[in-house]
Amino acid sequence: MLKAQSVTVVRSARKILDNISVCLRPCRVTALIGPNGAGKSTLLRVMSGELRPTSGQVTLDDNDVSAMSAATLASRRAVVPQVAQMAFPFTVLEIVLLGTSVPGFNLIEHDAVQFAYVALEEIGLKGFETRRYDQLSGGEKQSVHIARALCQLSVAARSKEASYALLLDEPTASLDFAHQRAVMLCLRRQADLGRAILLVAHDLNLAAAIADEIILLKNGKIVAEGSAQHVLRADVLSRVYACDLSVMQSNPSSPPWVLPMSLDKALTESAAE
């Protein structure tokens with residue numbers, strides 16, 4: 001179980017995160033939503049152990065992540081950043097194999113390659129193994145890094161009875177509808193394997209479709225948290241995003257859908273002011 005307890009992050013005298021507590025549980029997908037600058041990516045970095053909070057604590061199974069070595073952290077959680085730059089012309093397979101290179105994994109090359117191939121197939125990139133990473137589209141590059149993270153967690157979980165977390169920052173931002181669906185189904189399968197998933201998302205409808213719990217942030221504070229039905233309310237969202245939003249639901253068991261006010265209506269009202 002990965003927890004943030006009373007976490008505050010201050011940078012240049014500004015509170016990026018303000019006394020936030022979050023608990024990621026196995027078998028569940030948690031989505032972080034909120035406007036630009038709300039603190040979503042910062043919270044993900046804090047929970048991954050990449051960024052030390054100004055105050056508060058992040059623990060993994062009651063162990064302080066700040067006291068864990070990089071290798072220990074890498075054997076328990078994997079991170080997919082929003083943007084990942086690669087300085088050399090690696091192949092897709094070489095990048096995914098980075099997920100097997102954590103100290104202590106001790107895989108022979110054949111086994112490492114097999115894990116990488118399974119991860120690529122899981123994310124829909126079978127056949128991409130020899131493609132050059134720098135020649136891929138933005139969406140394909142993002143999928144490669146998801147495959148690298150999947151490979152890392154699969155190797156880590158070979159023989160250990162422990163909880164594992166997968167943290168992703170806007171993993172579907174550059175993807176078309178088909179690939180968004182593939183990623184969402186993949187994350188659901190990862191949760192079903194017992195992993196805790198943290199997903200930063202700008203697409204509220206994707207968050208509603210995939211997440212067991214949604215956390216709405218604004219100005220570094222939690223505004224609302226809970227199920228999609230509880231968090232995605234028109235009055236709350238319109239206030240947080242500072243624009244008129246409507247929320248619809250086809251039936252009580254389906255996820256809600258969030259839609260902006262008609263652009264035509266908005267332009268008409270703007271012209272009349």
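Using modelled atom types, one side-chain atom of Arg233 and one backbone atom of His230 make a donor-acceptor pair closer than 3.5 Å. With hydrogens and angles ignored, the 3.5 Å screen pairs a side-chain donor or acceptor of Gln152 with a backbone N or O of Arg77. Side chain of Lys218 to backbone of Gly34: no donor-acceptor contact under 3.5 angstrom is found. Side-chain atoms of Gln229 do not come within 3.5 Å of backbone N or O of Ser227 as any donor-acceptor pair. Thr172 places no side-chain N or O within 3.5 Å of a backbone atom of Leu175 that could act as its donor or acceptor partner. A donor-acceptor pair is defined here as one N or O able to donate and one able to accept, closer than 3.5 Å; no such pair exists between the side chain of Thr8 and the backbone of Asp18. Listed for the Ser174 side chain is no donor-acceptor partner under 3.5 Å among the backbone atoms of Gly138. For Glu94 (side chain) and Thr91 (main-chain N/O), a donor-acceptor pair under 3.5 Å exists by modelled atom type. Under the 3.5 Å distance criterion, the side-chain polar atoms of Ser12 are left unmatched by any main-chain donor or acceptor of Arg14. The closest donor-acceptor contact from the side chain of Asp61 to the backbone of Met1 lies under 3.5 Å.
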Does the pair Ser75 and Thr72 meet the rule for a side chain to side chain donor-acceptor pair (under 3.5 Å), with working shown? CA-CA 5 Å; Ser75 70; Thr72 300; 5.3 Å; no
Chi angles and distances behind the side-chain contact (heavy atoms from CB on, under 4.5 Å) call for Trp257, Leu232: CA-CA 8 Å; Trp257 283 89; Leu232 301 184; over 6 Å; no
side-chain contact (heavy atoms from CB on, under 4.5 Å), that's the test. Do Leu32 and Leu199 meet it? Break it down for me. CA-CA 6 Å; Leu32 291 177; Leu199 167 71; over 6 Å; no
Arg189 and Glu122: salt bridge (Lys or Arg N to Asp or Glu O under 4.0 Å), yes or no, with the steps? CA-CA 10 Å; Arg189 288 192 293 269; Glu122 170 74 4; 2.8 Å; yes
Kindly determine whether Val223 and Val236 satisfy side-chain contact (heavy atoms from CB on, under 4.5 Å), including the steps that lead there. CA-CA 8 Å; Val223 177; Val236 174; 4.2 Å; yes
I'd like to know whether His202 forms a ring pair (Phe, Tyr, Trp, His ring centres under 6.0 Å) with Tyr241, so could you lay out the CA-CA distance, the side-chain angles of the two residues, the decisive distance to 0.1 Å, and finally the verdict. CA-CA 11 Å; His202 271 298; Tyr241 285 91; 8.0 Å; no
Take Val7 and Gln57 through the test side-chain contact (heavy atoms from CB on, under 4.5 Å) and record every step on the way to the result. CA-CA 6 Å; Val7 163; Gln57 184 182 45; over 6 Å; no
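A donor atom on one side chain and an acceptor atom on the other are not found under 3.5 Å apart for Asp244 and Ser238. Under the 3.5 Å distance criterion, with hydrogens and angles disregarded, a donor-acceptor pair is assigned to the side chains of Ser163 and Arg76.
Using a 4.5 Å heavy-atom threshold, the side chains of Ile33 and Ile215 count as separate. Under the 4.5 Å side-chain criterion, counting only non-hydrogen atoms from C-beta, Leu198 is not in contact with Leu168. Between Ile197 and Thr30, the closest side-chain pair of non-hydrogen atoms is not below 4.5 Å. Here the side chains of Leu51 and Arg11 are in contact, with some heavy-atom distance below 4.5 Å. Side-chain contact between Glu140 and Arg131 is present, with heavy atoms from C-beta onward closer than 4.5 Å. Annotation: side chain of Ile20 is in contact with side chain of Leu217 (closest heavy-atom distance under 4.5 Å). Inter-residue side-chain proximity for Lys141 and Tyr133 is flagged as met; some heavy-atom pair is nearer than 4.5 Å. Asp111 is listed as a side-chain neighbour of Ile108, based on a closest heavy-atom distance under 4.5 Å.
What you find for Ala208 and Pro256 is that their closest heavy atoms are CB-O, 3.7 Å. The two atoms that bring Ile95 and Arg148 nearest to each other are O-CG, 3.3 Å, heavy atoms only. Contact detail for Cys151 and Thr100: the closest heavy-atom pair is SG-CG2, 3.3 Å. Taking both residues in full, the closest heavy atoms of Val144 and Val96 are given as O-CG2, 3.9 Å, listed atom of the first, atom of the second, then distance. The heavy-atom pair separating Ala112 from Leu97 by the smallest distance is O-CD2, 3.5 Å. Contact between Ile146 and Pro171 at its shortest, heavy atoms only, is CD1-CB, 3.9 Å.
No more than 12 heavy atoms of other residues, nucleotides or ligands shown are found within 6.0 angstrom of CD on Glu109. Counting non-hydrogen atoms of neighbouring residues, nucleotides and ligands closer than 6.0 angstrom, the CZ atom of Arg52 reaches no more than 12 such neighbours. Within 6.0 Å of the CZ atom in Arg181, the count of heavy atoms belonging to other residues, nucleotides or ligands does not exceed 12.
Annotation: the span from Leu187 atom CG to Ile123 atom CD1 amounts to 7.0 Å, rounded to 0.5 Å. Residue Leu216 holds its CG atom at 8.5 Å from CZ of Arg239, rounded to the nearest 0.5 Å. With rounding to the nearest 0.5 Å, the separation of NE2 in His179 from SG in Cys186 is 12.5 Å. In this structure, the separation between CG on Leu136 and CD on Gln142 is 12.0 Å, given to the nearest 0.5 Å. Distance check, rounded to the nearest 0.5 Å: CD of Glu213 to CG of Leu24 gives 8.5 Å. From Leu73, atom CG reaches atom CG of Leu60 across 7.5 Å, with rounding to the nearest 0.5 Å.
Hydrophobic clustering (ILVMFWY, side-chain heavy atoms < 4.5 Å, transitive): Val240 and Ile222 are in distinct clusters. In this structure, Leu44 is a member of the same hydrophobic cluster as Met68, with clusters built from ILVMFWY side-chain heavy atoms closer than 4.5 Å. Transitive grouping of hydrophobic side chains (ILVMFWY, heavy atoms separated by less than 4.5 Å) keeps Val22 and Leu166 in distinct clusters. Cluster annotation: Leu125 is connected to Phe90 through the hydrophobic network of ILVMFWY side chains, with a link wherever side-chain heavy atoms come within less than 4.5 Å. Under a hydrophobic clustering in which Ile, Leu, Val, Met, Phe, Trp and Tyr are joined whenever their side-chain heavy atoms come within less than 4.5 Å, directly or via other members, Leu98 and Leu150 fall into the same cluster.
Looking at Arg188 and Asp212, a side-chain N of the basic residue comes within less than 4.0 Å of a carboxylate O on the acidic one, giving a salt bridge.
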